[in-house]
Each structure stands twice: as structure tokens, then as C-alpha cells.
Amino acid sequence: MESCLSQTRKPDQILVINDGSTDRSGEILAEFGDRIDVLTIPKATGNKSRAQEAGLAYVTGDVFIATDGDTKLNPYFVEAIEKEFEDPTVAAVSGTVKSLPYNWLTACRALEYAISHNLHKLAQSYLNFLFVISGAAGAFRTSLFKEHLTFEHDTLTEDLDFTYKLNRLGFRIAYTRDAISYTQDPAKLGGYINQMRRWYGGGWQNLQKHYAIAGRPVKALELSLIYIEGLIFSVFLFVMPFINLYFELWFWVANIIVNMLVAIWIAFEDKRTDVLWVPLFYPFILHINSWIFLEQGIKEVILGRKNLVWFQPDRVNI
Amino acid sequence: MPTIGVTLFVHAVVILVKSTLNVLGISTRKMGAIKTGRKTGFAISGLVVFLVAGSIVYSLSLFVASGLKDSHATWKLGEAAVSKVGLDNSFFFVYQLNASTKSGSSY
């Protein structure tokens, strides 16, 4: 809340959706008085898109920024987003997400975010096919949701669902690295695994739902890179040690070098040295990610077991 | 699931090409204008393209060189790993492929 209130460009309205919280959230929000609007939903909806749908009715501005309760924004966030919307062809904007430092696991996530935003997302924005508008740092023209989009609650990743829909409808999505949100990522392995299950499970659900989008070459290329390479990579990660240890060894050396370069860059850019150790144990995390990617693919696509229940976020007080 | 592999390489190439065209002043209107991170994107993508391309060339040359020298050489460690976990080598597809190649029979 403090980060929203201390923006260089003050938001016209701050709307908080208190989705059935059982902690002191309501009490803390009340302390902000009339500086914020609070919509209290007595019973938890169990899905972020339902909470967002409830809140949309109370949005008064022509552009709204969606973020999460475990996230804080940099002081220039609103200013940077507003700048992107000066272009009338821009329908939505994705900001950059960074992980708040806590332990080795959040440092791993910091490395993943750095690669996904500075390389993958940047390239995707040049190709005019941004794969996902981050749920913690997304901005939309309100009219889009009131005229073209509906909340469907049928996937685990509402941000990905919105982005697919916008891409299908041909709307332009911009990406800015000046609007940064700092988010609290899982600090325990169990919480991390749950989050990855939701992300990858939701990814497979959305791929099946919006498969028709692959009709255009650039989009087909991008989806192939993400999913076909993801499948091949994940399978080979577990099979390769039994085929060729020389190649396996070389792969990990190359992997550590690339990750180390990114880690050094983060250390300078964000002034945090904890990420410098990450490349050494990141192969362990990569195995977990690959296993969950395959597991969720089998569950969602082959077995058709669609899961729509959010895993309870596991957070520590960072 | 974007990985440290082809996706990273392709995306790095996209950034590099886009950044180069931008530096040269060539308009790429359809791809949208670069607004932020030009220098950083250029530097990182250049490094990644160099490293990944180097890795691919080096890996391929390792395969070719070992294949010319001794078709078994590349797989020796793999065989060791397989026998260590108690699997029968004949069960191993890649080993079979190599073995049959070495004996001159068509697989």
C-alpha cells in the first residue's frame, strides 16, 4: 500500500480487494482511511480472476494497473505505465517483475526473472507477441475488459488467459522495463513447487484453450519454442546422463557460464550479491522445473485432469 | 517453459538483430520501436549469441571428432553410467546404434 501511495504520479484511485483474508489485512487496510477504496469479499473466492472480476465493477479510471498483495511497486511504476499508454494503439502494458531477496530459493527466482524479462520478454515484445502480461505488473485499458474480455475462471493462470485473448483479438501489448514490481516469491521448496504447478498447469490449460492462436507464423514459432523445446529439453534433462556424460558435462558448464553472466549482471544492476551463488545450484531447480512441466503436461493434456483450485500461497515475512 | 537452449538463442538473435538495425538507423516499424534497454539488450544478447553459438559448434565438433576417431569413444562414459545402474547395455538404444555402426551392419 505504501508503495502505491508514494508514486511519482499519484494514482487516481487505489482499489484493494480483500478476498476473504483471515489475517489482519482488513484491520491494516482500515488504517489507510479514505486514501484507498476497499472491496471486502467475506468468503474467499479461491481464484484471483474471480476477485478481479468483482473489483472491476468499481474501477473508475480509463486505465487500471493490476498487482498483488505480496508485491510492492517502484516509485516510477505508474509514471512509466502512463507513458506507454500515450500511444493510442497500446491496449495493455506489461511491467517487469523482480524477486525480493530472502534466501537461496528467492535468489534462484531472481535469476529466472532476469532471464525471462530481459531476454525472453524483450524479444517477444519486438516480435509483437508478448506471451504473458505478468499478474503482478500488468496494466490494461478498462474499456477492453468492459467491451471485449470476460472473466472465465477456467484456468489457473488468469494473466496468461488475458494475454492470449488480447493477442487473439489483435490488440497491441507493450512491455516496459521502467515499471518494476518487487514480489515476494516462495521461500520454501514446498511453496515453490506449488507455485510452479500452478504456473505450468495453467500454461498447459491455456495452450489447449487458445491453441488456434498458433495459426500465425510468429506466434506458432514462439509457442513452439516454449512448449516443444520445453518438452524436448525436460525429457533430455533426465535421459541425457544415461546417454552421454561428456555432453551432459558440457551442457552444465555452458549452463553455469550463461547463468553466471546473468548473475553478475543482476549483482551490478540490483546491487544484490546473493544471486552470484545461484548458477552453482540452479541445475537442481532446473530439474524440479522440468519435472513439474512434464507432470502438469501429462495431467492436463493427456489425462485431462483439469485442476482449478489455487494452491495456498506459502509466504514468509520478508 | 523457456529454457537455456534454442529459445534463449532465438530470442537473443531477435534482440541482436533489432538492436543492430536500430543502431544503424534502419526502421523496423512492424517490429515496434525500441524504447528501453537498448544498450543492455544489445550487450546481453551479443554475449548469449556468442556463447550459445560457440557451445553448439564446439559440441558438434566434439561429436564429429569422436565419431571419426572411434565411434565408441563418445559413449564410453554413458555405457559406464548405464552399467553402474545395472542396466543391460543391449537394452540401450544409442549403444545398439553405435555397436551396429561399428560392425558395419545396417541398423
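Because the structure is a prediction, the values reported are computed rather than measured. Quick note on labels: first sequence line is chain A, next is B, and so on, each numbered from 1.
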Can you give me the closest heavy-atom contact between A:Y126 and B:V14, atom names plus distance? CB-CG1, 4.0 Å
Would you say A:K209 has more than 12 foreign heavy atoms packed within less than 6.0 Å of its NZ? yes
Around A:F171, counting heavy atoms of other residues, nucleotides and ligands shown, do more than 12 lie under 6.0 Å from its CZ? yes
In short, B:T7 meets A:L225 closest at the heavy-atom pair OG1-O, 3.0 Å
Value for CG (A:L122) from NE2 (B:H11), rounded to nearest 0.5 Å, stands at 10.0 Å
What part of A:E222 gets within 4.5 angstrom of chain B, counting heavy atoms only: side chain, backbone, both, or neither? side chain
If you count heavy atoms of other groups shown closer than 6.0 angstrom to CZ of A:F85, is the number above 12? yes
More than 12 heavy atoms of other groups within 6.0 Å of A:F281 CZ: yes
